[in-house]
*Asks:* 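I have a structure here, written as structure tokens, and I will follow up with some questions on it.
Below, chain A is the first sequence line, B the second, and so on; all start at residue 1.
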Number of protein chains: 6
Amino acid sequence: MKFLDEDVGFGDLTSDLLIPRGLKARGFIVVKGEGVIAGVEEAEALFRQLGIEAEAKVCDGEAAKPGDVIMEVRGEARKILMAERTVLNILMRMSGIATETRRLVDKIKEAGLNVRVAATRKTAPGLRLLDKKSVMIGGGDTHRLRLDDAVIIKDNHIALVGSISEAVKRVRERVSFTKKIEVEVQTLKEALEAARSGADIIMLDNMKPDEIRVVVERLREEGFYEKIILEASGGITPHNILEYASTGVHVISLGYLTHSAKALDMSLEMGKPS
Amino acid sequence: MKFLDEDVGFGDLTSDLLIPRGLKARGFIVVKGEGVIAGVEEAEALFRQLGIEAEAKVCDGEAAKPGDVIMEVRGEARKILMAERTVLNILMRMSGIATETRRLVDKIKEAGLNVRVAATRKTAPGLRLLDKKSVMIGGGDTHRLRLDDAVIIKDNHIALVGSISEAVKRVRERVSFTKKIEVEVQTLKEALEAARSGADIIMLDNMKPDEIRVVVERLREEGFYEKIILEASGGITPHNILEYASTGVHVISLGYLTHSAKALDMSLEMGKPS
Amino acid sequence: MKFLDEDVGFGDLTSDLLIPRGLKARGFIVVKGEGVIAGVEEAEALFRQLGIEAEAKVCDGEAAKPGDVIMEVRGEARKILMAERTVLNILMRMSGIATETRRLVDKIKEAGLNVRVAATRKTAPGLRLLDKKSVMIGGGDTHRLRLDDAVIIKDNHIALVGSISEAVKRVRERVSFTKKIEVEVQTLKEALEAARSGADIIMLDNMKPDEIRVVVERLREEGFYEKIILEASGGITPHNILEYASTGVHVISLGYLTHSAKALDMSLEMGKPS
Amino acid sequence: MKFLDEDVGFGDLTSDLLIPRGLKARGFIVVKGEGVIAGVEEAEALFRQLGIEAEAKVCDGEAAKPGDVIMEVRGEARKILMAERTVLNILMRMSGIATETRRLVDKIKEAGLNVRVAATRKTAPGLRLLDKKSVMIGGGDTHRLRLDDAVIIKDNHIALVGSISEAVKRVRERVSFTKKIEVEVQTLKEALEAARSGADIIMLDNMKPDEIRVVVERLREEGFYEKIILEASGGITPHNILEYASTGVHVISLGYLTHSAKALDMSLEMGKPS
Amino acid sequence: MKFLDEDVGFGDLTSDLLIPRGLKARGFIVVKGEGVIAGVEEAEALFRQLGIEAEAKVCDGEAAKPGDVIMEVRGEARKILMAERTVLNILMRMSGIATETRRLVDKIKEAGLNVRVAATRKTAPGLRLLDKKSVMIGGGDTHRLRLDDAVIIKDNHIALVGSISEAVKRVRERVSFTKKIEVEVQTLKEALEAARSGADIIMLDNMKPDEIRVVVERLREEGFYEKIILEASGGITPHNILEYASTGVHVISLGYLTHSAKALDMSLEMGKPS
Amino acid sequence: MKFLDEDVGFGDLTSDLLIPRGLKARGFIVVKGEGVIAGVEEAEALFRQLGIEAEAKVCDGEAAKPGDVIMEVRGEARKILMAERTVLNILMRMSGIATETRRLVDKIKEAGLNVRVAATRKTAPGLRLLDKKSVMIGGGDTHRLRLDDAVIIKDNHIALVGSISEAVKRVRERVSFTKKIEVEVQTLKEALEAARSGADIIMLDNMKPDEIRVVVERLREEGFYEKIILEASGGITPHNILEYASTGVHVISLGYLTHSAKALDMSLEMGKPS
């Protein structure tokens, strides 16, 4: 409801002045682009809090094309109009992220590759949960949700502790047994040290596809490839994603999914659906 | 701080395990793309709440190029790392919106046109204030902030009341004298009716540039052009914006600025700046 | 519900000790004075959140006289008694403001004048929305809701910028086209400067009725009277309001409506209505 | 700060556009009426949260006359202007209540009577703490703060339980030993029953001064007058308060103090104090 | 719901992955120890907020033995599992406190003594209301709820003011007539001073049973025993409680009830009850 | 601060009436039992928010004995007294949990065993973070923080899906690669199925030490012992913990640590330390 509050303020001036209290209406949320729908549960919840009946015509994760009605609502006209923009803003952002995630996931599948597409923590401020959920709906991997649900040892940590192996050792001794430990590396040497230190996941950060191939090959030779998850990250875009996906890594992560995906356009129409 | 909370959860596991309490560090926020900086005040405020000194090197609204340091911070290493992602997420989104806004504003100025570029209410959920502020920093117009700060009479309202003139009349009688009244129209006929009814602003919604030109011409002939603000909205993109800007409207509004602009990439680097 | 929380604390000690859980009761909110009712929607909403059925007998804005039942409630006796004081406090304050507003509005109408009675931002802390709404229900104008929904240039601003015309110019260039600009003036000279600078509204602040008449006359002569809204403010009370209303201004604003109006007395009675 | 938020919204448009960031200023809060000052601590706290230095010239509870400066502030001009209205609204309401309370307290003292003047729970919604504090600053008694800090057995409770003595007995057995028990009565008979049942306080509700005198006399004869506190409530105004005060009751309570007291007018002036 | 939020975070990963949306289930809350049930209302409220039907089989304050079903729930399986831990944590803590309180209350009754068992303010942070309510359900006295609902003058206060009698006098003059005044004393001399000063309650703090007996005897001789409530506090445990209870004090208070009572074990079982 | 609010309400009546505003004082937090200190950071933070200087004499995790001063505070006397109870409640609970955790951890170490002692989610409502942190300070393992940071497949999930192997498979396919998967089992057969299905952790739930030994032995034979973490849970107390610890499991978890540990007694003394 805080999403609604910021849009409504002290009230919907126009509708309060022109629409009679108690007048009932129907509304239809119509998609104007092609994509994967996400945010349906959030939209329903918001409408219901306002006493508006909301019936989803499309579930989260389903594809839609221009003209598709994804939700029908019935209730007080004033309230439908009051909620209109907020609901559309939620649906359009979430569907935009899900759509772009699905596009990349499919691209990789179609290339016959078995690599996960993951988000990062580069989400819009305040929207961590919705952004990550949208990625999941699109078929992506949420990756770490927050700073408390997995360990990622980065260059700043390593510089301070002295070595990757020492850092992994210290963490392993003290962190809960329920947590995985990921290490961010920039070179083959670091990757090997991380693997030998017992990292659960190795992030190959800002490395070129060819460099990554060398690392993958070497880790395979040393018997780590089945035991450790390899993630490529940094500088990956829809354009070069297949190059990265073909290196043998298990996961590819992109901030792009959540900080730069385009919204999927929708509108709310009152009256009969076309 | 709610932005920080969603990223930190119960704590920054990795840094808490590896970085000694009380260790001091310096950090530098470095821009990795070209653009207009926004969010500096928000970043400073967040750092200060954590007891970290933050010195802006670039003010909101200034241009930056790859490699530019926009902020230097000093304080407890654990806290700098804890805030890193949240601050970058704020700066990257706000700067992305400001950058795209400035680009369009400049495009119009360079074409010798005097037309305002305005945002809509299509902002990310929960980020109305930051998104609108970013547009303003980029040189755009914030447009209506919420449903309570100006009246916009749309087709649903008009359908219900019966006519534009009746709707404007009813609103004018009852709305505070401090509010402007905008009417959304789709045809020349409606535009004329809105103008004659005393609308302060007319939004030409989803009309083609040629249709808009006709409306502008006619309103000019009837003496309304100096008294009423004309806004073009709907289907406007960076690609066709000049076409719309050259029609004679005073304002062009695009949801794109806030729902689909790309983030401006940045990173936080510990140690000496390059 | 925060209004309820401050009254209930950890619980309604007396009722919890004396009234059996689950006992049902009816209650009637009875007016004890003469006035205009406001706050009915808020009262209903609060009762409903507690699972109490509430049926309004009088709508917001309707007049009531001593003994009138304005609402009937049915539900758990404990909860009705728990909510009693909070609901009455809301209804009594809101109705008090609406009653006083209506009295002044009617006084002006009866004098054959067409002048709006407006509130100011001198509302009780935390009650901006309810206080403004009460004024509106009483037939008054809400005036500016907050510092962000209209521009009012005051003496401190002008002193700093150097002149009224420069201040209006700077604001006009940068403020959203959706906002009106009001200028506060103390003299005829300032009023003329404000009018010529393009102000949408001029507030004649702390001027005597005779001084105001001179300003009105002069602005009329210069052709501004139809285009600019004139507001009288400062030192206006129920006693002298007609004097001000007869000067030709369009609006009269009084802090008195929200900071010093008397509550309209009411009580909640259990059992049968008289 | 929630008081500030409702007034500021997304920002102080006017000051942000006209006053340079960082410009320092001084401000003086000047009283425009005669009264008792209250709210100084709240005003200081609010200013300090904004980084504005605030120096009180008058303490809570001290008298002030027109022209008196009660507080001097120094800091960023934009922030002083942003906080102006909110701070004045707090000070004006609190001082208005304190002033009216002091007036009644003094009236009783000057009549040579020793009777407390108490508030009720008829406070403005959300302002229970500030309203009660204002009464205390004015020399009044706060009475019950909430439904959980003392027991007051009212007619509805008694009707349900069957008798005053039964109600008092049930409460006494189960309520914490730290709580006082008050009983509301309408007749001499009820007052006697309450006294004999062991009530700590008896509220003589809506009784006329003469009726009250009879009750006081009788309770005195039965030896209860020294042990039980007698409170007169209902229908008491500044006009008839002395009549009630002279009946022998220990306490007089009036809703009027908090729901209908006039604000004490003040303004914030920038620059040198007069 | 904040209790639920801290347990759920962004979602119940396991159930969301394994349990179909919409699948209905039944669940039974089963007690695994012997004790007094408390928290049933809180559990019902939490389930209902999630749209789960909850039917209590045992009321707050009733005894239960291992295997007893205290609540049956029906609704969406995902939601029942999501709420499971939070609800059990509430019920187990509250019932643990109620159980221990009842045990001590019964112990005293069985010894033929008429002494209240009271809690202190030594409650778990954030759980003041639930902890106090649990004590009440167990048959104990809640004692002071907060620092604002009764006065307790402690040694630090007395040291500062100079004497007990002066402290009581100052408080009596200024505190609301609705409040009781308790004085904490360590010696017979102090107890006598407190009694003579008009204290409503005297807390015999950290005194041995024999010392307390002397005080009780002396206060009885001086006629205070019927008028003043005597409370023993400090160092009292389940082991020595009868010794203290037999000294003649009216109330015994123990922090132990709320800061060290054991939880009463329970579990939620899906499917048919045993 | 919400912890403080629930204790203070509208104010510390006693201190406000007896202690002069602005009077400075020193205070010392003294331990009255033997144990491990936890909560020092939280106590410091709370004092600082009130403007009180707080100097820790003992760090979180250090041992203390009766009479030890663990913190010295300086500031306004009123505020120190206002915060006293809240700070002590935090420190006493957290230290109680840390003390009991350390005792069990040491017991296991002294027996020459290398087994982790872990908490569960059986924490006090609202205190998840503080309870888990206390366990960590005591040398224990926090285990899963919430329902979103690791997967634990329980009997209800398995019953629904059909088999452990199917459940693990479904989760593995869809859960983020950053999460570990734990399976709760009751028999050797289930343990083997879980191990073969690729579980990261197996929880041996409510099994007797002898049963657990058989499972450990068998998993060791099958080569799983080095790869999978084994956790014993259910029915484990300080009394039987060594029996469980000697079975060969890697982790032992007990709800007891957080739902039934005794508080470590402390007091705040004003004036000079002993």
*Asks:* Testing the basics here: between Ala199(D) and Val168(D), what is the closest heavy-atom pair and its distance to 0.1 Å?
*Replies:* N-CG1, 4.4 Å
*Asks:* Could you look at Ala150(D) and say if it's the side chain, the backbone, both or neither that has a heavy atom under 4.5 Å from chain C?
*Replies:* backbone
*Asks:* With side chains defined as the heavy atoms from C-beta onward, is the minimum distance between Asp16(C) and Arg174(D) less than 4.5 Å?
*Replies:* no
*Asks:* In terms of heavy-atom proximity below 4.5 Å to chain D, should Ala261(C) be classed as side chain, backbone, both, or neither?
*Replies:* backbone
*Asks:* Hydrogens and angles aside, do Ser15(C) and Arg78(C) bring a side-chain donor and acceptor to less than 3.5 Å of each other?
*Replies:* no
*Asks:* What residue in Gly9(C), Gly126(C), Gly96(C) has the most heavy-atom pairs under 4.5 Å with chain D?
*Replies:* Gly126(C)
*Asks:* Looking at CE of Met94(C) and CD of Glu42(C), how far apart are the two atoms once the value is rounded to the nearest 0.5 Å?
*Replies:* 4.0 Å
*Asks:* Looking only at heavy atoms and a cut-off of under 4.5 Å, which of Arg146(D), Lys2(D), Glu6(D), Glu166(D) has the most pairs with chain C?
*Replies:* Glu6(D)
*Asks:* Tell me, out of Val171(D), Leu88(D), Ile158(D), who's got the most heavy-atom pairs with chain C below 4.5 Å.
*Replies:* Val171(D)
*Asks:* So which residue, Lys179(C), Arg128(C), Glu173(C), His259(C), ends up with the most heavy-atom pairs under 4.5 Å with chain D?
*Replies:* Arg128(C)
*Asks:* Over all heavy atoms of both residues, which pair between Thr99(D) and Glu34(D) is shortest? Give the atoms and the distance, please.
*Replies:* CG2-O, 4.0 Å
*Asks:* Which bit of Thr123(D) comes within less than 4.5 Å of chain C, counting heavy atoms only: side chain, backbone, both or neither?
*Replies:* both
*Asks:* Could you go step by step and tell me if His143(D) and Arg121(D) meet the side-chain contact (heavy atoms from CB on, under 4.5 Å) rule?
*Replies:* CA-CA 8 Å; His143(D) 210 300; Arg121(D) 289 189 295 115; over 6 Å; no
*Asks:* Identify which of Ala263(D), Ala167(D), Ala159(D), Pro125(D) forms the greatest number of heavy-atom pairs closer than 4.5 Å to chain C.
*Replies:* Pro125(D)
*Asks:* Heavy-atom distances under 4.5 Å only: say whether Leu23(D) touches chain C with side chain, backbone, both or neither.
*Replies:* side chain
*Asks:* Which region of Asn156(C), side chain (C-beta onward) or backbone (N, CA, C, O), has a non-hydrogen atom less than 4.5 Å from a non-hydrogen atom of chain D, or is it both or neither?
*Replies:* side chain
*Asks:* Please tell me whether Arg93(C) and Asn89(C) have a donor and an acceptor in their side chains that are separated by less than 3.5 angstrom.
*Replies:* no
*Asks:* So what's closer than 4.5 Å to chain C heavy atoms on Lys32(D): side chain, backbone, both or neither?
*Replies:* neither
*Asks:* Please state whether the side chain, the backbone, both or neither of Leu18(D) comes within less than 4.5 Å of a heavy atom of chain C.
*Replies:* both
*Asks:* Report the option among Ile90(D), Leu127(D), Asp5(D) that has the most heavy-atom pairs separated by less than 4.5 Å from atoms of chain C.
*Replies:* Leu127(D)
*Asks:* Tell me, for Lys154(C) versus chain D, whether the close heavy atoms (under 4.5 Å) come from the side chain, the backbone, both or neither.
*Replies:* neither
*Asks:* Could you look at Val161(D) and say if it's the side chain, the backbone, both or neither that has a heavy atom under 4.5 Å from chain C?
*Replies:* side chain
*Asks:* What option among Asp148(C), Thr86(C), Thr120(C), Leu160(C) has the most heavy-atom pairs under 4.5 Å with chain D?
*Replies:* Asp148(C)
*Asks:* Would you name the heavy atoms of Asp60(D) and Val40(D) that are closest together and state the gap between them?
*Replies:* OD1-N, 2.8 Å
*Asks:* Take Asp200(D) and Arg172(D), measure what salt bridge (Lys or Arg N to Asp or Glu O under 4.0 Å) needs, and give me the verdict at the end.
*Replies:* CA-CA 11 Å; Asp200(D) 297 304; Arg172(D) 185 67 78 195; 3.3 Å; yes
*Asks:* How far does CD1 of Ile80(D) sit from CG of Asp12(D), to the nearest 0.5 angstrom?
*Replies:* 12.5 Å
*Asks:* Counting heavy-atom pairs under 4.5 Å to chain C, which of Ser260(D), Ala25(D), Ser176(D) comes out on top?
*Replies:* Ser260(D)
*Asks:* Walk me through whether Glu100(C) and Lys262(C) qualify under salt bridge (Lys or Arg N to Asp or Glu O under 4.0 Å).
*Replies:* CA-CA 8 Å; Glu100(C) 189 58 23; Lys262(C) 284 191 187 172; over 6 Å; no
